Amino acid sequence: MKRLLSIAALLFFALPLPLRAEVRQSGLWFLPPCVTVGGHEIDGLLLLIFWIVLAVFVGVQGTLLWFLYRYRRQEGRTASPVAGSWKAEVIWTVIPTAVFLLLFCLGEGLWKRMIVPPPPGTAIDIEVCGEQYDWVIRYPGPDGLLGRADDAKRSPDNKVGLDPADPAGADDVTAFNELVVPVGKLIHLHLRSLDVIHGFYAPEFRIHQDLLPGRTINWISFTAERTGEFSIACSQLCGSGHGLMQGRFRVVTEAEWEAWVKGARKP
Ligand SMILES: [Cu+2]
């Protein structure tokens with residue numbers, strides 16, 4: 001009995017921890033609202049797949065139910081064997097192949113457009129580092145340039161490994177668990193991990209990307225189309241505090257953003 005109770009207590013306290021990584025406040029049954037310009041294209045493809053799958057599901061299950069009824073056991077009726085049908089086989093091979101090819105082409109095209117890093121100088125560069133169990137976020141200072149950082153240069157008083165030889169990094173500012181971006185501006189994220197694999201998950205922005213130690217992932221960019229307050233969560237089980245690894249993700253006006261960056265502290 002005692003053991004059972006302790007198992008129940010463990011489940012009660014331990015289970016919600018990973019579950020808490022879910023940060024959505026609304027839209028739990030379907031997609032949360034989309035707040036980026038490019039996100040609508042992703043939603044369009046998702047919805048297309050959803051409707052195709054729904055149509056297939058209803059068609060297959062409906063046929064199954066109809067056949068159950070139509071060919072139910074009846075006195076005096078025997079089954080008539082079917083030898084095969086070329087026509088049916090061609091139809092059920094060609095149509096799914098065509099649908100899959102269409103979805104592949106649409107998905108591949110969208111992916112290719114999504115993972116192109118913006119040309120230098122066209123976006124605001126922000127670095128997001130995952131570290132058990134915080135988001136360490138570095139912003140360009142007044143010069144608008146994000147300094148170079150390198151894992152090899154990391155030390156206890158140089159958390160993210162800022163390169164002292166790069167003057168652009170001298171005025172960079174760092175915030176913990178708070179990602180603030182201006183609305184309507186192209187934002188280019190540089191994602192890193194300072195220890196283990198983490199997952200950067202911002203559902204309203206349609207961004208879900210793993211952070212890998214030793215690598216900088218630089219193909220995530222977005223433009224927020226409205227202001228608001230959202231959340232980021234870690235989506236990779238990264239340790240005992242994983243479920244607490246959340247951050248605020250705020251989209252503000254350009255003036256508010258400039259004021260906020262001025263008020264943030266240096267690394
Ligand atoms: Cu994590």
Side-chain angles (χ1 to χ4, degrees), residues 10-28 31-36 39 42 111 114-115 117 124-140 146-162 172-181 187-222 224 228-251 260 264-265 267:
L10 188 78
L11 286 178
F12 183 78
F13 289 109
L15 265 186
L17 219 61
L19 294 180
R20 279 185 59 180
E22 174 56 81
V23 292
R24 283 186 278 172
Q25 311 291 320
S26 62
L28 284 178
L31 292 171
C34 171
V35 299
T36 60
I42 299 174
W111 178 240
M114 273 171 63
I115 60 162
I124 297 172
D125 294 288
I126 297 176
E127 182 186 73
V128 177
C129 297
E131 185 188 37
Q132 290 171 322
Y133 300 97
D134 284 304
W135 299 101
V136 185
I137 300 164
R138 186 160 60 95
Y139 299 84
L146 196 65
R148 249 196 331 267
D150 187 349
D151 278 334
K153 300 210 161 46
R154 287 178 59 200
S155 67
D157 41 49
N158 187 359
K159 207 178 185 41
V160 298
L162 257 185
D172 288 359
V173 288
T174 301
F176 284 87
N177 301 316
E178 190 163 34
L179 179 52
V180 185
V181 299
I187 309 294
H188 183 192
L189 294 184
H190 302 259
L191 301 170
R192 293 169 66 203
S193 165
L194 302 182
D195 41 38
V196 298
I197 297 176
H198 297 282
F200 181 87
Y201 176 49
E204 287 88 355
F205 295 77
R206 303 296 187 261
I207 301 173
H208 193 183
Q209 172 65 52
D210 280 0
L211 279 55
L212 306 170
R215 263 182 87 174
T216 300
I217 285 143
N218 71 345
W219 57 72
I220 304 285
S221 61
F222 65 91
E229 203 157 308
F230 311 95
S231 298
I232 19 173
C234 181
S235 62
Q236 286 283 5
L237 193 54
C238 58
S240 59
H242 160 70
L244 306 169
M245 193 166 163
Q246 293 192 8
R248 290 211 295 165
F249 196 160
R250 292 197 294 129
V251 181
W260 183 86
R265 69 178 186 87

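Atoms within a ligand are numbered from 1 in the order they appear, just like the ligands themselves. Quick note: residue numbers are just sequence positions, from 1. All of these numbers come straight from a predicted model, not from anything done at the bench.
In this structure, Trp135 and Phe200 have perpendicular ring planes: the angle between them is above 60°, well past the 30° mark.
Residues Gln209 and Trp219 bring a donor and an acceptor atom of their side chains to less than 3.5 Å of each other. At a cut-off of 3.5 Å, with distance as the only test, a side-chain donor of Asp125 or His188 sits close to an acceptor on the other residue.
One finds the CD atom of Glu127 at 8.0 Å from the OG1 atom of Thr174 (value rounded to the nearest 0.5 Å).
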Q. Asn177 and Gln246: side-chain hydrogen bond (donor to acceptor under 3.5 Å, both in side chains), yes or no, with the steps?
A. CA-CA 7 Å; Asn177 301 316; Gln246 293 192 8; over 6 Å; no

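Within the sub-2.8 Å shell of the Cu ion (ligand 1), the protein contributes these N/O/S atoms: His198 ND1, Cys234 SG, Cys238 SG, Met245 SD.
Under the 3.5 Å distance criterion, the side-chain polar atoms of Tyr139 are matched with a main-chain donor or acceptor of Val180.
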